[in-house]
Amino acid sequence: QVQLVESGGGLVQAGGSLRLSCAASGRTFDSYAMGWFRQAPGKEREFVASISGIGRITYYTDSVKGRFTISRDNAKNTVNLQMNSLKPEDTAVYYCAARRYGGTSVYESGYDYWGQGTQVNVSS
């Protein structure tokens, strides 16, 4: 079992930055690929970014490439999402997810554990 707790959400003006963090329980954190997803009001949850267990492989959805950076610190059992140049369309609840087997995935169904989410609001 892995428990995930997100933090770092909040309200920011367009063009600003936020850094989301996800703290994970467990002893084998580096064996999990990690992902960030988001769900805007009235929309389905969508993939944002993912990172492999030792952090060598990352993927991003096209809309955040060049603006968001996913990273992890396996010594601290944390994964982060640095979000720069934020836009109103980035407003959503952001979820951290962990995938026990296999590499990274862009699909919700590929992840085994989920956090409760943290709200990000970007004002225009």
Neighbour count >12 (heavy atoms, 6.0 Å) for atom CD, Glu46:
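Counting neighbours around CD of Glu46, more than 12 heavy atoms of other residues, nucleotides or ligands fall under 6.0 Å, so yes.
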Decide if atom CD of Glu89 counts as having more than 12 heavy atoms of other residues, nucleotides or ligands within a radius under 6.0 Å.
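For Glu89, atom CD is crowded (more than 12 foreign heavy atoms under 6.0 Å).
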Asp90/Lys87 ion pair, N-O < 4.0 Å:
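Answer for the salt bridge query: no.
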Is the side chain of [X] donor-acceptor paired with the backbone N or O of [Y] at a distance under 3.5 Å, no angle test?
X: Thr118; Y: Gly9; value: yes
X: Asp112; Y: Ala97; value: no
X: Glu6; Y: Gly117; value: yes
X: Arg72; Y: Asn77; value: no
X: Ser52; Y: Ile57; value: yes
X: Arg67; Y: Ser85; value: yes
X: Ser25; Y: Gln3; value: yes
X: Tyr94; Y: Gln39; value: no

Is any side-chain heavy atom of Arg19 closer than 4.5 Å to a side-chain heavy atom of Ser71?
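Side chain of Arg19 against side chain of Ser71, heavy atoms only: contact under 4.5 Å found.
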With a 4.5 Å cut-off on side-chain heavy atoms, are Arg38 and Val64 touching?
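Side chain of Val64 against side chain of Arg38, heavy atoms only: contact under 4.5 Å found.
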Taking all non-hydrogen atoms of both residues into account, name the closest pair between [X] and [Y] and its distance.
X: Asn121; Y: Thr91; result: OD1-CG2, 3.4 Å
X: Thr28; Y: Ser31; result: O-OG, 2.6 Å
X: Trp36; Y: Val79; result: CZ2-O, 3.8 Å
X: Val120; Y: Leu20; result: CG2-CD2, 4.0 Å
X: Gly102; Y: Ala33; result: O-CB, 4.5 Å
X: Ser105; Y: Gly110; result: OG-CA, 4.1 Å

Phe29: ring-ring contact (aromatic ring centres under 6.0 Å, His included) partners, not counting sequence neighbours
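Expected list: none.
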Are Phe37 and Tyr95, when compared by the centres of their aromatic rings, separated by less than 6.0 Å?
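Phe37 vs Tyr95: aromatic centres not under 6.0 Å.
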Reported [atom1]-to-[atom2] distance for the pair [X] and [Y], which is rounded to 0.5 angstrom:
X: Thr78; Y: Leu4; atom1: OG1; atom2: CG; value: 11.5 Å
X: Tyr60; Y: Lys65; atom1: OH; atom2: NZ; value: 10.5 Å
X: Asp73; Y: Asp30; atom1: CG; atom2: CG; value: 11.5 Å

Can you list every disulfide bond (SG atoms under 2.5 Å apart) pair that touches residues 86-124, not counting sequence neighbours?
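Of all non-adjacent pairs touching residues 86-124, those that pass disulfide bond (SG atoms under 2.5 Å apart) are Cys22-Cys96.
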Pairwise salt bridge (charged side-chain N to carboxylate O under 4.0 Å, His left out) hits with a residue in residues 94-110, at least two apart:
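Of all non-adjacent pairs touching residues 94-110, those that pass salt bridge (charged side-chain N to carboxylate O under 4.0 Å, His left out) are Arg45-Glu108.
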Dump the intermediate steps for side chain to side chain contact (heavy atoms under 4.5 Å, CB included) on Leu86 and Leu18, then the final yes or no.
CA-CA 8 Å; Leu86 282 161; Leu18 280 175; 4.1 Å; yes
Decide side-chain hydrogen bond (donor to acceptor under 3.5 Å, both in side chains) for Asn80 and Gln82; before the verdict, give the C-alpha distance in whole Å, the side-chain angles of both, and the deciding distance to 0.1 Å.
CA-CA 6 Å; Asn80 303 301; Gln82 178 66 42; over 6 Å; no
